[in-house]
Protein chains: 2
Amino acid sequence: MAGPRASVAAHEVLAVIFQVRQQRLSVLLWRRARPPYEGAWVLPGGRLGATEGLDESIRRQLAQKVDVRDLTHLEQLETRGDPERHPADRTLATSYLGLVPADTDPATPEDTAWHPAPDPPPMGFDHAAIMRAGRRRLRAKLSYTNIGFALAPREFTMSELSGYYRAALGHDVAATNLRRVLLRRGQIEETGESVPSGRSGGRPAALFRFRARELEITDAFAVLRPPSRE
Amino acid sequence: MAGPRASVAAHEVLAVIFQVRQQRLSVLLWRRARPPYEGAWVLPGGRLGATEGLDESIRRQLAQKVDVRDLTHLEQLETRGDPERHPADRTLATSYLGLVPADTDPATPEDTAWHPAPDPPPMGFDHAAIMRAGRRRLRAKLSYTNIGFALAPREFTMSELSGYYRAALGHDVAATNLRRVLLRRGQIEETGESVPSGRSGGRPAALFRFRARELEITDAFAVLRPPSRE
DNA sequence: GCAAAAGTGTTTGTTCTACACCCATGT
DNA sequence: ACATGGGTGTAGAACAAACACTTTTGC
């Protein structure tokens, strides 16, 4: 009746950090300096400290180790605990999805680099699968939340914003319709200002901003919504 | 630069088990026999074994400790690791959402009981918050996946099914529209058989079944869907 | 026949995509 | 003037809620 002996496993936290860079969804990876998986790319992270919470830990590690401090969004993804996932010792890993706005360029150390998320280099451990889970989560939330605020700068034109969506979703996004969808949902608003057109001419683009800078569900009951009157 | 000393924390797995019982969404709770929180209700679960995976562990514990074996769905919810969440020792907890179909009645031991999910008794630790997270997850997934298969028996009438949805969503669900939504999405199909009407008369109800018995996303791109042609 | 429950037809409203057209600017 | 990119109008489709109406049964 008794189960296997209770274990006291090591626990690490990992982060899937996305940023849209040059029109492409990019993920921040770390080159591993020692076995196992020496030379492979892995997600940034490390051991959970004795007195810190999980969120706290991943924030600390990102700040210390890859110098990423200006996350606009951070949420927990999943926890993996397969006994085989770490070749040497038993290690559980809790992963997070983190987003950096497109207009910042965090100064990351030598051994880290941005890689294209749709086509990553060979990755160690189960980190490739975790990264895919992060992409799925981001894609889904772009559909029914205001999570775009975390990918975009504070102010942006609609064609810029559609570029971020295009990169994150992996398919074309028409600026003209995106504008209407996000305006109707109250996610974005005009700042009143506009950017002058470039040297090739064209009408100046209006500037927009997200009305909230934290996650909100803006399209909750797409279906099976509660009755309109009692 | 170095962070806090790495910890080796205990790890437990917990389950939010829901079942629709007498038209109400119910959650399976355990009465705690010793401090801390002696006498309070908690989610079933226990320590992770040294050689088992997380999914494996929660399945084992549910089978051994509360005799729940016939889960139709099980998915990971979240991991909590706040240093304060456990009064005595540091314990991380990974929670799962599990569903039991309405037509089974698992023989649970003395110290466990089903409680109404919308109105639970006082619960120990952070388990009330975890339970709420489970409810939110279930509600959301009823909207865009076929997760109803896990709440319903293999075969059911539409008015029975709308009862399960009503209990899980917490608002009225019209059988007539539910039928069309789920049929259009290809989630359910007619078995061809029907149930005779009761003593009060009425037209016999057709029997339906879910076409798949595992989770599928059936309303993926409610919005921001990819262009129809390239 | 009448009540009861299941199922169908139909209206209405919302939401989104697609696409034609108009607007403001640089050269 | 006209090319260029931004913005608006609008048609059409898909989808779902609401509700009146029809069907099939028990009594």
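Every chain is numbered from 1 and lettered A, B, ... according to where its sequence line falls, protein lines coming before strand lines.
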Check nucleotides 1-5 of chain D against the protein and report each pair of N or O atoms closer than 3.5 Å, with its distance, or say if there are none.
from, atom 1, to, atom 2, distance (Å)
D/dT4, O4', A/Ser200, O, 3.4
D/dT4, O2, A/Gly202, N, 2.8
D/dG5, N2, A/Arg203, N, 3.3
D/dG5, N3, A/Arg203, N, 3.4

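Using a 4.0 Å heavy-atom distance criterion, A/Ala206 is classed as a sugar-phosphate-only contact.
Qualifying salt bridge (charged side-chain N to carboxylate O under 4.0 Å, His left out) partners for B/Glu190, counting only residues two or more places apart in sequence or in other chains: none. Applying the side-chain hydrogen bond (donor to acceptor under 3.5 Å, both in side chains) criterion to B/Arg21, with sequence neighbours excluded, gives B/Gln19, B/Asp105. Applying the side-chain hydrogen bond (donor to acceptor under 3.5 Å, both in side chains) rule to B/Thr112 yields the partners B/Thr108; only residues at least two apart in sequence or on another chain are considered. Not counting sequence neighbours, A/Arg132 has no partner by the salt bridge (charged side-chain N to carboxylate O under 4.0 Å, His left out) test. In this structure, the salt bridge (charged side-chain N to carboxylate O under 4.0 Å, His left out) partners of A/Glu189, at least two apart in sequence or on a different chain, are A/Arg209, A/Arg211.
For B/Arg180 and C/dG7, a side-chain-to-base donor-acceptor distance below 3.5 Å is absent, hydrogens and geometry of angles not being considered. Between the side chain of A/Thr176 and the base of D/dT8, a donor-acceptor pair under 3.5 Å is found.
For the 3.5 Å distance criterion, the side chains of A/Thr191 and A/Glu155 fail to qualify, holding no donor opposite an acceptor.
Distance from the side chain of B/Arg184 is smallest to D/dC15 among D/dC15, D/dA18, C/dG26.
Distances shorter than 4.0 Å separate some side-chain N or O of A/Arg179 from OP1 or OP2 on D/dT8.
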